[in-house]
Amino acid sequence: MKTILLISRCPPAPIHLGDRLILWHLARELSRRGYTIDLLALYDRADDPGQQAEYAAFFRHIQLIPEARRSPLSMLRRLATPSARFAHSAAASFCPQLWRAIAEGLKRHDYDLVHCFGSVSVYEFHPLIARLPNLITPYESHSLYLASAARRGQLGARLRLPIARRFESFMFKPYDRTVVIAEADRASLLRLGAAPRVDVIPNGIELERFQPRHQERDAHRLLFVGNFDYAPNQDAVRVLVDAVLPQVRARIPGATLQLVGFNPPAWMRALANDHIEVTGPVPDVSPYLARATVFACPLRIGAGLKNKVLEALAMGIPVLATPLSVDGINVVNGESAIIAPVEQFAAEAARLLADEGLRYRLSLEGRAVIEAEYSWEKTASSYERLYDEICGLR
């Protein structure tokens, strides 16, 4: 089996943060299959170093390094000076400590392959690893995310979008392979000429943990789950509270909304009343997915594949989603999910709450999609095949 150096923009825990979920599960699956993995990861949360015990068993060696600040001037210099786009020394890099850690690791160990997770935080180290088979997983196209935010009128996103597109046009080009988690992100990178070959490997689901439960669901309950530090999830809550729930309750007076997830801001906590529940963080979202009537996901901003939707489908809760919410997920409108624009969300939510037969069909078909296509075992196998291909070409 191969020995891999994994260079990441973040550690693998806590896994309620979506970009860490794939690291945790992929490392677990590969270690079970006999791979030896060393981890060099940046971190930006004070409690990150204290969580190493959660994933220590997956790695031979772990080193966490505080993420260094990237100044706007250094970012602009990368754009203006092609020769400076990739670092060629520790002093020239965004994070000299990570550069030195990579160089030391390459001296001490014979790696078969180097796998980078992230984009602007880790791409620059390619000159260090160029002699070895290598790939980079930026998760998603950041410019695709910013474009969706700009369409919602966010001025900051509109200003950052041209810069993100410029960076994505060169960051991944030298890598043997670039991997994203949804087809829309692949198309975005290819339009930018970002890399000669971009592959799609979607995230998976813990099928044993997230599975339908034979229990009665609460009547007329809409559910949305998310990390509420994340601006797109906050935007989705405003849609549900301002545009969807009032119209649904006009038709079904007993309808309620449950908002489950980490770090709801003060304005969201203040929404709580007799028909809106804001739980805050919970140890496990699966009991909430098991009891609610409909999972309502009206995302208007974002990119990549939405883990919350995979979890809902796996649990057999009928899913109502915007097209963006199901990017990269192979559901069929009317069969395995209801897909509707925000303007039609309230009408579709009311229809779902009132139609038990439709909910039953969606529940069965949604679970079938997950079982067929979205397991962490399948994700790991896809990466294994890609590793073999890259090493074979070298």
Side-chain angles (χ1 to χ4, degrees), residues 15 17-26 117-119 135-149 151 164 168 172 177-192 194-195 197-207 210 224-227 230 232-233 235-236 295-315 317 319-342 362 365-383 385-386:
I15 61 174
L17 300 174
D19 54 354
R20 304 180 183 215
L21 187 72
I22 183 174
L23 281 173
W24 198 94
H25 284 285
L26 180 61
F117 271 90
S119 54
L135 71 158
I136 187 166
T137 300
Y139 301 98
E140 62 190 30
S141 166
H142 189 55
S143 62
L144 185 64
Y145 166 85
L146 290 174
S148 69
R151 286 193 295 271
E168 287 189 338
F172 313 126
R177 201 64 54 86
T178 302
V179 181
V180 291
I181 58 177
E183 181 59 40
D185 300 271
R186 176 181 182 271
S188 175
L189 292 182
L190 290 177
R191 282 195 299 270
L192 293 170
R197 174 78 181 267
V198 182
D199 288 70
V200 176
I201 300 179
N203 286 357
I205 278 291
E206 292 180 85
L207 295 178
F210 293 100
F224 180 67
V225 172
N227 172 15
Y230 189 49
N233 288 336
D235 179 74
F295 186 81
C297 190
L299 290 170
R300 300 186 293 183
I301 302 168
L305 185 147
K306 315 305 181 293
N307 296 312
K308 60 173 72 68
V309 177
L310 293 180
E311 292 169 357
L313 291 165
M315 290 289 296
I317 177 174
V319 169
L320 168 61
T322 53
L324 185 145
S325 300
V326 292
D327 267 352
I329 303 176
N330 193 23
V331 289
V332 176
N333 185 29
E335 295 182 12
S336 42
I338 298 298
I339 305 170
V342 166
L362 293 175
E365 291 300 321
R367 173 68 186 188
V369 167
I370 296 299
E371 289 181 347
E373 302 187 36
Y374 300 96
S375 69
W376 287 115
E377 292 83 358
K378 185 167 183 176
T379 297
S381 295
S382 296
Y383 270 108
R385 288 191 292 271
L386 189 57

Test item: [X] and [Y] side chains (from C-beta on) under 4.5 Å apart, heavy atoms:
X: L310; Y: I329; value: yes
X: L189; Y: V180; value: yes
X: V179; Y: L135; value: yes
X: V200; Y: E183; value: yes
X: W376; Y: L26; value: no

message: Quick test of your reading: applying side chain to side chain donor-acceptor pair (under 3.5 Å), list the pairs with at least one residue in residues 299-311, sequence neighbours left out, ordered by first then second residue.
response: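 Residue pairs passing side chain to side chain donor-acceptor pair (under 3.5 Å), neighbours aside: N203-N307, N233-K308, D235-R300.
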Keeping [X] on the side-chain end and [Y] on the backbone end, is there a donor-acceptor pair under 3.5 Å?
X: D185; Y: G304; value: yes
X: Y374; Y: N330; value: yes
X: T178; Y: A195; value: no
X: T379; Y: P202; value: yes

field: Test side chain to side chain contact (heavy atoms under 4.5 Å, CB included) applied to A312 - qualifying residues, sequence neighbours left out
entry: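 Result, side chain to side chain contact (heavy atoms under 4.5 Å, CB included) vs A312: L289, F295, I317, V319.
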Going by side chain to side chain donor-acceptor pair (under 3.5 Å), name the residues that satisfy it together with [X], two or more places apart in sequence or in a different chain.
X: E168; value: S141, S143
X: T322; value: S325
X: S382; value: R385
X: R151; value: none

Roughly how far, to the nearest 0.5 Å, is the [atom2] atom of [Y] from the [atom1] atom of [X]?
X: L144; Y: E140; atom1: CG; atom2: CD; result: 8.0 Å
X: F210; Y: L313; atom1: CZ; atom2: CG; result: 12.0 Å
X: E377; Y: H25; atom1: CD; atom2: NE2; result: 10.0 Å
X: D19; Y: L17; atom1: CG; atom2: CG; result: 6.5 Å

Shortest non-hydrogen contact from [X] toward [Y]:
X: A236; Y: L299; answer: CB-CD2, 4.0 Å
X: F224; Y: A296; answer: CD1-O, 3.2 Å
X: A314; Y: I370; answer: N-CG1, 3.7 Å
X: P138; Y: S119; answer: CB-CB, 4.1 Å

field: Listed partners of F117 passing ring pair (Phe, Tyr, Trp, His ring centres under 6.0 Å), at least two apart
entry: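 For F117, the residues satisfying ring pair (Phe, Tyr, Trp, His ring centres under 6.0 Å) (neighbours in sequence not counted) are H115, Y139.
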- prompt: With sequence neighbours excluded, what pairs up with Y145 under the ring pair (Phe, Tyr, Trp, His ring centres under 6.0 Å) test?
  reply: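 Listed in chain order: H142.
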Considering only distance and modelled atom types, tabulate donor-acceptor pairs under 3.5 Å from the side chains of residues 332-340, sequence neighbours left out.
| unit_1 | atom_1 | unit_2 | atom_2 | d |
| --- | --- | --- | --- | --- |
| N333 | OD1 | I339 | N | 2.8 |
| S336 | OG | V332 | N | 2.8 |

Which residues share a salt bridge (Lys or Arg N to Asp or Glu O under 4.0 Å) with R367, sequence neighbours left out: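 With neighbours one apart ignored, the set is E371.
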task: Output all residues satisfying salt bridge (Lys or Arg N to Asp or Glu O under 4.0 Å) with R197, sequence neighbours left out; order by chain, then residue number.
output: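 R197 satisfies salt bridge (Lys or Arg N to Asp or Glu O under 4.0 Å) with D199, E389 once adjacent residues are dropped.
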